[in-house]
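Letters A, B, ... are given to chains in the order of the sequence lines, protein chains preceding strands, and every chain is numbered from 1. What you see below is based on every heavy atom in this structure, not just the backbone, and it leaves out hydrogens, waters and symmetry mates.
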Amino acid sequence: AQRVTQPEKLLSVFKGAPVELKCNYSYSGSPELFWYVQYSRQRLQLLLRHISRESIKGFTADLNKGETSFHLKKPFAQEEDSAMYYCAPANNDMRFGAGTRLTVKP
Amino acid sequence: EAQVTQNPRYLITVTGKKLTVTCSQNMNHEYMSWYRQDPGLGLRQIYYSMNVEVTDKGDVPEGYKVSRKEKRNFPLILESPSPNQTSLYFCASRFLRDSYEQYFGPGTRLTVT
């Protein structure tokens with residue numbers, strides 16, 4: 001099965017600091033990956049997908065095949081970025097990573 | 001409005017009392033799935049369905065049943081709930097041959113005492 005790993009369960013940064021949420025995948029081929037976000041008391045929603053190479057809310061994620069990673073980055077974190085972030089492969093069984101809870105402190 | 005709905009949103013029940021959580025989507029999605037979300041464990045898939053009458057186990061199927069008799073509905077059944085099934089449950093759906101983006105329901109918070 002195609003799997004992703006998010007090694008950090010918790011991540012805390014100060015407002016304005018750069019943030020990087022890690023995601024590693026453990027399968028070969030041409031992976032397609034997503035980042036989903038869950039704000040407090042809300043449902044999960046798609047943040048971005050790697051095939052679109054877009055920037056959403058200042059976040060970007062680049063697929064690094066050499067390191068088998070798809071880390072989510074933002075140069076200047078904002079308090080409203082505090083949320084739960086999940087990395088997920090785009091395949092039939094959609095097994096999400098364990099998630100990283102990001103807290104941005106004022 | 002395109003959406004995934006779940007009912008009930010909150011449920012407190014006792015051990016052993018059968019319950020069903022309904023999930024419905026109005027987007028004509030072939031694929032539907034159930035997840036449970038627990039602190040420190042993230043989102044774990046229970047079951048998924050790629051179309052009517054086709055269901056498969058996810059990572060944590062024990063103690064759960066599902067059925068997919070209609071395309072729009074994918075109920076989650078707990079025949080004999082136990083306290084370790086206390087959790088936040090999410091239903092999701094998507095097209096099979098699209099970008100795999102999943103649309104999630106609002107969640108059902110279940111407490112089994």
Side-chain angles (χ1 to χ4, degrees), chain A residues 1-11 21-27 29-54 56 61 63 70 72 83-103, chain B residues 1-7 9-10 23-25 27 29-51 54-61 66 68 74 87-109:
Chain A
Q2 298 175 340
R3 300 278 179 171
V4 295
T5 305
Q6 294 178 253
E8 301 152 324
K9 290 188 177 180
L10 301 170
L11 184 61
L21 294 95
K22 293 183 169 55
C23 173
N24 294 94
Y25 62 91
S26 58
Y27 51 95
S30 298
E32 293 186 36
L33 294 154
F34 294 106
W35 276 100
Y36 282 80
V37 61
Q38 184 184 25
Y39 300 105
S40 179
R41 300 185 183 280
Q42 294 186 26
R43 67 185 75 190
L44 280 85
Q45 56 188 287
L46 180 67
L47 180 62
L48 56 81
R49 67 195 82 185
H50 95 275
I51 56 173
S52 63
R53 303 184 66 81
E54 57 196 345
I56 303 293
L63 185 67
F70 186 55
L72 183 68
M84 192 77 178
Y85 291 81
Y86 289 97
C87 180
N91 56 20
N92 283 342
D93 52 12
M94 292 289 293
R95 284 173 164 80
F96 283 66
T100 298
R101 181 169 297 282
L102 173 65
T103 302
Chain B
E1 180 189 355
Q3 61 182 344
V4 179
T5 57
Q6 295 178 226
N7 282 293
R9 297 288 312 280
Y10 302 91
C23 173
S24 183
Q25 50 91 9
M27 295 170 278
H29 287 163
E30 300 95 345
Y31 181 103
M32 297 185 75
S33 59
W34 276 103
Y35 298 86
R36 59 178 289 174
Q37 185 180 43
D38 302 287
L41 297 175
L43 206 63
R44 293 179 294 169
Q45 191 179 57
I46 303 171
Y47 270 96
Y48 65 97
S49 169
M50 295 176 67
N51 217 323
V54 180
T55 62
D56 279 294
K57 296 178 180 179
D59 283 324
V60 288
V66 292
R68 188 88 183 276
F74 191 44
S87 186
L88 179 58
Y89 291 87
F90 287 98
C91 179
S93 71
R94 63 172 171 85
F95 289 114
L96 260 185
R97 294 180 179 81
D98 201 351
S99 59
Y100 293 93
E101 175 184 356
Q102 285 207 98
Y103 296 84
F104 283 82
T108 295
R109 186 164 294 281

| request: Give the member of B:Pro106, B:Gly107, B:Gly40 that has the highest number of heavy-atom pairs under 4.5 Å with chain A. | output: B:Pro106
| task | Not counting sequence neighbours, which residues clear salt bridge (Lys or Arg N to Asp or Glu O under 4.0 Å) with B:Asp59? List them please. | result |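 B:Asp59 satisfies salt bridge (Lys or Arg N to Asp or Glu O under 4.0 Å) with A:Arg3, A:Arg95 once adjacent residues are dropped.
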| Mutual orientation of the aromatic rings belonging to B:Phe104 and B:Phe90 [parallel < 30°, tilted 30-60°, perpendicular > 60°] |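 The rings of B:Phe104 and B:Phe90 stand perpendicular, inter-plane angle above 60°.
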| Structural part of B:Leu41 lying under 4.5 Å from a heavy atom of chain A | backbone
| query | Tell me, side chain or backbone of B:Gln37 under 4.5 Å from chain A's heavy atoms, or both, or neither? | reply |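 Contact with chain A is through the side chain of B:Gln37 alone.
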| request: Against chain B, label A:Gln38 side chain, backbone, both or neither, depending on which of its atoms sit under 4.5 Å from a heavy atom there. | output: side chain
| task | Compute whether any side-chain donor of one residue and acceptor of the other, for A:Thr5 and A:Asn24, lie under 3.5 angstrom apart. | result |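 No.
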| remark: Separation between CE (B:Met32) and CE (B:Met27), nearest 0.5 Å, reads 8.0 Å
